[in-house]
Amino acid sequence: MASFHPNLHSVTSSQQSNHKKRRKLPHHASAPSPWTSQTEHRIYATNLLHALRRSSPSAASDIRAAADRALAATAKGRTRWSRAILANPFGRWKGRHHMKARKSRAGLMKKRTPEIRRTAPPLQKKARSLGRLVPGCRRVSFPKLLEEAGDYISALEMQVRAMTALADLLAGGPSPPAPLRLS
């Protein structure tokens, strides 16, 4: 049926166009992290043992590098952080760039007038520092950074559990508790 008020339809459509439409993000079901499963734990533990036997580490940094590479190999390159660790052939993924302090030579460098520096919002500063902590995530969008950081943290937790169990085993301490079985 045709409307007798021609402006009625245009008012509602103009009101709708003024409202910002929210983009619906796909809702991911909260699947359990692969790092919490016993199979991933066993795979990482065997990868770590093989890596330590192959390299025969002499320093703590060598052990850490072998543990990181075994963790990244267990992730099979599914994440940015694992690809960043595996891409670096020299152990640690994080290249430390030490900047030497620039010394002003007498008369060669002119003093600059202080410039007004803009400060980044606090959330942006924290996101930037989080991006520096997670390998391969310096220039990643914020949602992707949070996803990668969550996966990296759960992988590191699993790494700590595996290395603690390995240290207890090598020290001759108490055997690790058997996993609980729910029937």
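The model shown is predicted, which means the values in this text are computed figures rather than measured ones.
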Roughly how far, to the nearest 0.5 Å, is [atom2] of [Y] from [atom1] of [X]?
X	Y	atom1	atom2	value
Q38	R42	CD	CZ	6.0 Å
R64	S61	CZ	OG	10.5 Å
T164	D168	OG1	CG	7.0 Å

If you take all heavy atoms of [X] and [Y], which pair is closest and at what distance?
X	Y	result
R83	G77	NH1-O, 2.8 Å
S82	A72	O-CB, 3.6 Å
N88	R69	O-NH1, 2.9 Å
V134	W81	CG1-CB, 4.1 Å
L145	G131	CD1-CA, 3.7 Å

Following the transitive rule for hydrophobic clusters with a side-chain heavy-atom cut-off under 4.5 Å over Ile, Leu, Val, Met, Phe, Trp and Tyr, establish whether [X] and [Y] coincide in one cluster.
X	Y	result
L52	L156	yes
L86	I63	no
I43	M163	no
W35	L49	yes

Task: Test side chain to side chain contact (heavy atoms under 4.5 Å, CB included) applied to L146 and L130, step by step - done: CA-CA 9 Å; L146 293 178; L130 180 62; 4.3 Å; yes

TODO: Check for a donor-acceptor pair, side chain of Q159 on one end and backbone N or O of A67 on the other, with a separation under 3.5 Å.
DONE: yes

Task: R80 side-chain N/O to G136 backbone N/O, donor-acceptor pair under 3.5 Å - done: yes

Open item on the list: Could you check whether any side-chain heavy atom of S129 comes within less than 4.5 Å of a side-chain heavy atom of R132, counting everything from C-beta outward?
Closed with: yes

- [ ] Please examine the side chains of L123 and F142, heavy atoms only from C-beta on, and report whether any two atoms are closer than 4.5 Å.
- [x] yes

TODO: Output, in order, the C-alpha distance, side-chain angles, deciding distance and verdict of side chain to side chain contact (heavy atoms under 4.5 Å, CB included) for D151 and R78.
DONE: CA-CA 11 Å; D151 186 64; R78 290 181 299 230; over 6 Å; no

TODO: Let me see the working for L71 and I85 under side chain to side chain contact (heavy atoms under 4.5 Å, CB included), right down to the final yes or no.
DONE: CA-CA 9 Å; L71 188 66; I85 291 172; 5.9 Å; no

